[in-house]
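By convention in this document, chain letters (A, B, ...) are assigned in the order of the sequence lines, proteins followed by strands, and residues within each chain are numbered from 1.
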Amino acid sequence: GQRLNQSPQSMFIQEGEDVSMNCTSSSIFNTWLWYKQDPGEGPVLLIALYKAGELTSNGRLTAQFGITRKDSFLNISASIPSDVGIYFCAGLPFSGTYKYIFGTGTRLKVLA
Amino acid sequence: EPEVTQTPSHQVTQMGQEVILRCVPISNHLYFYWYRQILGQKVEFLVSFYNNEISEKSEIFDDQFSVERPDGSNFTLKIRSTKLEDSAMYFCARREHTEAFFGQGTRLTVV
């Protein structure tokens, strides 16, 4: 089946640093979504991407839809302690399905 | 608020018992999902439900699972005979265009 691999698996950064993470697959996706999950809670949608090459920002977050349609990137600028959590990418395949495939997650820890 | 409300927030059940997890949409949505997340793992698709019918389901969604929208409002996931490995967070989500909005989840613990 389709798999989305996220890297890095986890990262520890200092407050104020920028963060980059990515999501890759061998399959083509039609839509990319990025979510943040706090402990014990549901994923919260951060950014949605719809077209290859698209670059979208939401405050300190910027995400890009890879030109090959097989990857996506999320950047967080000037991290703050509340950025701590697990970030998931989710892709909607090109096959006409509405079944979102989730990535393996990137766990972010911010050191004050 | 685009999210859905889930009840209960936490349920503990004996192995072999039936459980029903509930999802209450904020408004009159038509397209819903159930996803599962085993502790520390990724979010896995179980089933999608559109206009009162199952649209897609995964291999995980076997005969022990069922979904329905009995009163046109609440959307339920039933597990007929729970197993230890059913312990997980279960998330309901609704789809709007090509975006999915998740509820807070129900933590199911099977003992």
- prompt: Is any side-chain heavy atom of A:I76 less than 4.5 Å from a side-chain heavy atom of A:L108?
  reply: yes
- prompt: In terms of side-chain heavy atoms, does A:N75 have a donor or acceptor partner in A:S20 at a distance below 3.5 Å?
  reply: yes
message: Heavy-atom pairs under 4.5 Å with chain B: which of A:G105, A:A90, A:P43 has the most?
response: A:P43
- prompt: Under a single-linkage rule joining Ile, Leu, Val, Met, Phe, Trp and Tyr whose side-chain heavy atoms are separated by less than 4.5 Å, which residues share a cluster with A:F73?
  reply: none
Between chain A and chain B, are any donor-acceptor pairs under 3.5 Å, and how far apart is each one to 0.1 Å?
unit_1: A:Y35; atom_1: OH; unit_2: B:A100; atom_2: O; d: 2.5
unit_1: A:Q37; atom_1: OE1; unit_2: B:Q37; atom_2: NE2; d: 3.0
unit_1: A:Q37; atom_1: NE2; unit_2: B:Q37; atom_2: OE1; d: 2.7
unit_1: A:Y50; atom_1: OH; unit_2: B:E99; atom_2: OE2; d: 2.1
unit_1: A:T97; atom_1: OG1; unit_2: B:E56; atom_2: OE1; d: 2.5
unit_1: A:T97; atom_1: OG1; unit_2: B:E56; atom_2: OE2; d: 2.5
unit_1: A:Y98; atom_1: N; unit_2: B:E56; atom_2: OE2; d: 3.3
unit_1: A:Y98; atom_1: O; unit_2: B:Y33; atom_2: OH; d: 2.5
unit_1: A:Y100; atom_1: N; unit_2: B:Y35; atom_2: OH; d: 3.1
unit_1: A:Y100; atom_1: O; unit_2: B:Y35; atom_2: OH; d: 2.9
unit_1: A:Y100; atom_1: OH; unit_2: B:T98; atom_2: O; d: 2.7
unit_1: A:Y100; atom_1: OH; unit_2: B:E99; atom_2: N; d: 3.3

- request: Using the ring pair (Phe, Tyr, Trp, His ring centres under 6.0 Å) rule, pick out the option among B:F75, B:F102, B:F91 that qualifies with B:F32.
  value: B:F75
query: Between A:F88 and A:L45, is there a shared hydrophobic cluster once you connect ILVMFWY residues whose side-chain heavy atoms come closer than 4.5 Å?
result: yes
message: Within the structure provided, determine whether B:L77 and B:F61 are in side-chain contact (heavy-atom separation under 4.5 Å).
response: yes
